[in-house]
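Down below is the structure, laid out as structure tokens.
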Amino acid sequence: LESTYTITIKKQIDKKKNKIYDVAELRMRSEVSVKKLINIGIKPRKTYLDNVPRIPQQFVGDFLRGLFDGDEHVGIYNIKNHKCKQLIFQITAYSYQFLEKVRNLCNIPYGKIYKERTFHNWKIIEQSKLKEVFRLMYNNNNFRLQRKYDIFCQVINYINRDKYYL
């Protein structure tokens, strides 16, 4: 794009996990640069889109992994007043229709989509289904966000311990 704009690395605090992460930010005010990004397929204000692009079946796992790496999470959470833990895979979007289309594209008919404030969450908590999602996203693929992959591996390792988790 031949731009002189700088990418700024900032610290972001995750108060829930009490961790600090590096976050990259690119701000631009050039109409020419924005048009170039749009011409190569970048969508402005993508938060409000509910279209899922046509994706060949062999790339569906890559698409889901891209959504997950972008701003979604998987984790192991303690349940208050219980000795067991809850394992969760979650994708958040503005549009219910978008999440439903992603679920259909990935052929993952399980989990629940629910509204929370102004957005929707697709949450999967069943152990066997979490393993299926993991295989879809990471089978035979080394191109990934390592931090997210490592967290998902921790969840899979918990499942493989054969202890009771919700």
Side-chain angles (χ1 to χ4, degrees), residues 1-75 77 88-125 129-130 132-155:
L1 293 173
E2 298 178 24
S3 170
T4 59
Y5 290 107
T6 58
I7 297 175
T8 307
I9 305 296
K10 296 181 175 186
K11 301 290 183 190
Q12 182 173 348
I13 300 171
D14 184 336
K15 291 179 183 177
K16 288 182 181 178
K17 296 180 182 177
N18 199 26
K19 290 186 179 182
I20 299 174
Y21 297 102
D22 288 333
V23 177
E25 178 179 85
L26 171 65
R27 291 185 181 215
M28 59 178 58
R29 292 190 172 99
S30 164
E31 190 175 327
V32 172
S33 294
V34 170
K35 284 181 179 178
K36 285 181 180 181
L37 289 169
I38 290 170
N39 286 339
I40 63 169
I42 304 296
K43 302 285 186 204
R45 295 173 184 80
K46 66 180 178 24
T47 299
Y48 303 104
L49 297 178
D50 65 2
N51 296 11
V52 173
R54 295 178 116 186
I55 298 170
Q57 191 60 37
Q58 71 262 29
F59 300 121
V60 167
D62 300 310
F63 175 73
L64 184 60
R65 190 177 59 258
L67 286 176
F68 174 71
D69 285 351
D71 195 25
E72 311 315 334
H73 73 274
V74 65
Y77 300 93
I88 298 171
F89 172 86
Q90 181 172 300
I91 292 184
T92 302
Y94 178 78
S95 166
Y96 177 93
Q97 290 79 13
F98 177 80
L99 292 175
E100 190 64 39
K101 289 174 184 177
V102 170
R103 197 161 74 163
N104 291 335
L105 173 72
C106 297
N107 196 23
I108 302 174
Y110 34 82
K112 181 179 178 185
I113 299 174
Y114 61 94
K115 185 171 183 161
E116 187 173 314
R117 293 183 298 233
T118 60
F119 53 87
H120 295 82
N121 291 308
W122 171 29
K123 187 182 285 188
I124 300 171
I125 61 173
K129 305 309 181 192
L130 289 168
E132 284 183 41
V133 171
F134 181 85
R135 281 192 294 273
L136 175 63
M137 289 174 32
Y138 295 112
N139 225 9
N140 301 319
N141 191 296
N142 293 321
F143 187 72
R144 60 184 174 240
L145 189 58
Q146 193 64 42
R147 178 177 58 84
K148 295 273 187 131
Y149 174 76
D150 291 344
I151 293 168
F152 212 145
C153 284
Q154 289 174 1
V155 169

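Side chains included, hydrogens not; waters and symmetry mates left out as well; all remaining heavy atoms used. This chain uses plain numbering: 1 for the first residue, then up along the sequence. What you are looking at is a predicted structure, and each value in this text was computed from that prediction instead of being measured.
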Does any part of the side chain of Tyr96, heavy atoms only, come nearer than 4.5 Å to the side chain of Trp122, both counted from C-beta? no

Output all residues satisfying salt bridge (charged side-chain N to carboxylate O under 4.0 Å, His left out) with Asp22, sequence neighbours left out; order by chain, then residue number. Lys11

Can you check whether Thr92's main-chain N or O pairs, donor with acceptor, with Glu72's side chain at less than 3.5 Å? yes

Who pairs with Arg144 by salt bridge (charged side-chain N to carboxylate O under 4.0 Å, His left out), at least two apart in sequence or on another chain? none

How long is the straight-line distance from SG of Cys153 back to NZ of Lys148, given to the nearest 0.5 Å? 14.0 Å

If you round to the nearest 0.5 Å, how far is NZ of Lys19 from CZ of Arg147? 9.0 Å

Taking it one step at a time, do Val52 and Phe63 satisfy side chain to side chain contact (heavy atoms under 4.5 Å, CB included)? CA-CA 10 Å; Val52 173; Phe63 175 73; 4.0 Å; yes

Starting at CZ of Phe59, measure out to CG of Leu105 and round the result to the nearest 0.5 Å. 13.0 Å

Would you call the rings of Phe68 and Phe89 parallel, tilted or perpendicular, taking 30° and 60° as the class edges? parallel

CD1 (Ile7) with more than 12 external heavy atoms under 6.0 Å: no

Mind listing the closest non-hydrogen atom pair of Val60 and Ile55 along with its distance? N-CG2, 4.0 Å

Do Tyr114 and Lys123 make a side-chain contact, defined as non-hydrogen atoms from C-beta onward lying under 4.5 Å apart? yes

Hey, is Lys129 close enough to Glu132 for a salt bridge, meaning N to O under 4.0 Å? yes

For the atom pair NZ (Lys115) and CG (Asn121), what is the distance rounded to the nearest 0.5 Å? 12.0 Å

Walk me through it: do Gln154 and Asp150 pass the test side chain to side chain donor-acceptor pair (under 3.5 Å)? CA-CA 6 Å; Gln154 289 174 1; Asp150 291 344; over 6 Å; no

For Gly111 versus Ile124, what's the shortest heavy-atom pair and its separation? CA-CG1, 4.0 Å

Taking side chain to side chain contact (heavy atoms under 4.5 Å, CB included) as the test, write out the residues that go with Thr8, two or more places apart. Thr6, Lys10

More than 12 heavy atoms from other groups under 6.0 Å of CD on Gln146: yes

Using a 4.5 Å cut-off on heavy atoms from C-beta on, say whether the side chain of Ile108 contacts that of Leu136. yes

Residues in side chain to side chain contact (heavy atoms under 4.5 Å, CB included) with Glu31, at least two apart? Lys35

Rounded to the nearest 0.5 Å, what separates atom OH in Tyr149 from atom CG in Asp69? 12.0 Å

Asp62 meets the salt bridge (charged side-chain N to carboxylate O under 4.0 Å, His left out) criterion, sequence neighbours left out, with Arg65

Heavy atoms, side chains only, cut-off 4.5 Å: are Phe98 and Leu67 in contact? yes

Going by side chain to side chain contact (heavy atoms under 4.5 Å, CB included), name the residues that satisfy it together with Tyr77, two or more places apart in sequence or in a different chain. His73, Ile88

How about Lys36 and Val32: do any of their side-chain heavy atoms sit closer than 4.5 Å? yes

